[in-house]
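Take a look at the structure set out below.
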Amino acid sequence: MLLPSKKDLKTAMEVFAIFQWALSGFLIVITVLLINLYLVVFTPYWPVTVLILTWLAFDWKTPERGGRRFACVRKWCLWKHYCNYFPIKLLKTHDISPSHNYILACHPHGLMSHACFGNFATDNKNFTKMFPGITPYILTLGAFFWVPFLREYIMSTGACSVSQSSMDFLLTQKGTGNMLIVVVGGLAECRYSLPGSSTLVLKNRCGFVRMALRHGVALIPAYVFGETDLYNQYIFTPGGLVNHFQKWIQRVVHIYPCAFYGRGFTKNSWGLLPHAQTLTTVVGEPLALPKIENPSKDIVAKYHALYIDALRKLFDQHKTKFGISETQELVVV
């Protein structure tokens, strides 16, 4: 028998790391729901479900109070394989002082924000060495913290709710050296996640600017080159039945359903895994903002425009290094 080489084992571990990451949340949700349904309907052990729900109610505010990170989870060897699959890289352009707090806005969202997770939710890309004294907090949808066990898994990586109360707490009650990572475009940006695309949903996303002004913290622009190249999408005929359905779903739940596909378990196969495309997150210079507790719409619009200008500058300075044409511009919608 021919034994697999070290390279084959390495590739297999990288594929497994990506596969489990994409499915772990779904499997945890299904498992929790089915087991608790079984306990309540078919066994006398329904008090177990009651205890779980009691703990959930008691611990409900934790995702808005800094979460509950575990360094051992962030250092899992599994995440190293995850980052090496693409691979994921982090590029610092300016030093960041740990004596202040920051809001880092990461663009684009892509379909699953692989680079954002690999860089800021794990300790396998030397973030702590690159930004000493800085503690990253990925902020995500509060709905992810509604399911028992899934919420623990997510919080263990340092993730917190993206709610206003959560951001207020992190910027006022956790000292300094905190970096709040927000993927501003969110799921609405999925529809623009096409190979070669540089379109961002940002024009009317001003909440992160308002929050930065309220607390007087600097905004840091960050752009991930390669994030939109990980998957292909089937684009349905504009105005057709399926396209109308997609837009209706977006109006109802604010999520645009995409018919996406990538590679399979082998290199040249078809499947739902992302393509092995290098992802480089370029972290720009902090944009200092004044502290204005109740900023007007005009003030927010002013600094929102300044932020977009800084992001465009960052994109233009680095785009040709990552295979983007000199003439291609950042599109904001």
Side-chain angles (χ1 to χ4, degrees), residues 17-18 21-22 79 82-94 96 102-127 130-131 134 136-140 157-159 162 179-202 205 208 219-233 258 260 262 273-287 307-308 310-325 328-333:
I18 293 293
W21 182 85
W79 303 136
Y82 175 94
C83 293
N84 289 339
Y85 171 89
F86 299 98
I88 290 174
K89 299 180 180 180
L90 186 63
L91 177 61
K92 180 180 75 170
T93 60
H94 292 80
I96 297 176
Y102 306 89
I103 296 177
L104 183 145
C106 194
H107 313 270
H109 180 281
L111 283 169
M112 296 188 183
S113 295
H114 285 288
C116 186
F117 177 83
N119 282 315
F120 305 116
T122 78
D123 281 336
N124 285 282
K125 295 312 297 177
N126 297 320
F127 177 89
M130 196 173 293
F131 299 103
I134 301 295
Y137 292 89
I138 284 189
L139 304 186
T140 188
T157 64
V162 74
M179 179 187 287
L180 281 56
I181 294 93
V182 183
V183 187
V184 179
L187 294 173
E189 220 163 58
C190 291
R191 65 182 300 181
Y192 302 107
S193 184
L194 300 164
S197 172
S198 57
T199 299
L200 305 179
V201 176
L202 182 57
R205 301 291 175 102
F208 71 107
L219 285 174
I220 303 177
Y223 193 89
V224 183
F225 290 93
E227 186 74 52
T228 59
D229 299 326
L230 299 181
Y231 300 93
N232 300 95
Q233 281 194 51
C258 302
F260 68 92
L273 295 177
H275 295 294
Q277 165 74 37
T278 301
L279 302 177
T280 304
T281 302
V282 182
V283 179
E285 181 180 6
L287 175 64
Y307 173 80
I308 292 178
L311 181 62
R312 289 187 190 278
K313 181 180 178 181
L314 181 71
F315 177 82
D316 290 338
Q317 285 179 339
H318 297 274
K319 61 185 179 182
T320 56
K321 302 174 186 176
F322 304 103
I324 297 178
S325 170
Q328 184 168 335
E329 297 182 354
L330 196 65
V331 179
V332 175
V333 297

Nearest-0.5 Å distance that lies between atom SG in Cys116 and atom CG in Leu279 | 11.5 Å

Is there side-chain contact between Leu180 and Phe208, with at least one heavy-atom pair below 4.5 Å?
-> no

Kindly determine whether Val201 and Arg191 satisfy side-chain contact (heavy atoms from CB on, under 4.5 Å), including the steps that lead there.
-> CA-CA 10 Å; Val201 176; Arg191 65 182 300 181; over 6 Å; no

Gap separating the OG atom of Ser325 from the NZ atom of Lys319, nearest 0.5 angstrom | 7.0 Å

Test ring-ring contact (aromatic ring centres under 6.0 Å, His included) applied to Phe117 - qualifying residues, sequence neighbours left out = Trp21, Trp79, Tyr82

Would you check, one step at a time, whether the test side-chain contact (heavy atoms from CB on, under 4.5 Å) holds for Ser193 with His109?
-> CA-CA 8 Å; Ser193 184; His109 180 281; over 6 Å; no

Report the relative orientation of the aromatic rings in Phe225 and His318; use parallel for angles under 30°, tilted for 30 to 60°, perpendicular for over 60°.
-> tilted

Using the test ring-ring contact (aromatic ring centres under 6.0 Å, His included), find all partners of Tyr85 that sit at least two apart in sequence or belong to another chain.
-> none

Shortest non-hydrogen separation from Ser197 to Thr228 and the atoms involved | O-OG1, 3.2 Å

Output yes when a side-chain donor or acceptor of Glu227 lies under 3.5 Å from a complementary backbone atom of His114, and no otherwise.
-> yes

Fit a plane to each ring of Phe120 and Phe127, take the angle between them on a 0 to 90° scale, and name the class: parallel (under 30°), tilted (30 to 60°) or perpendicular (over 60°).
-> perpendicular

Given side-chain contact (heavy atoms from CB on, under 4.5 Å), test Ile324 with Ser198 step by step and report yes or no.
-> CA-CA 9 Å; Ile324 297 178; Ser198 57; 5.7 Å; no

Would you give the length of the straight line joining atom OG1 of Thr281 to atom CG of Leu104, rounded to the nearest 0.5 angstrom?
-> 9.0 Å

Between Lys89 and the options Thr278, Asn119, Val224, the side-chain contact (heavy atoms from CB on, under 4.5 Å) test singles out Thr278

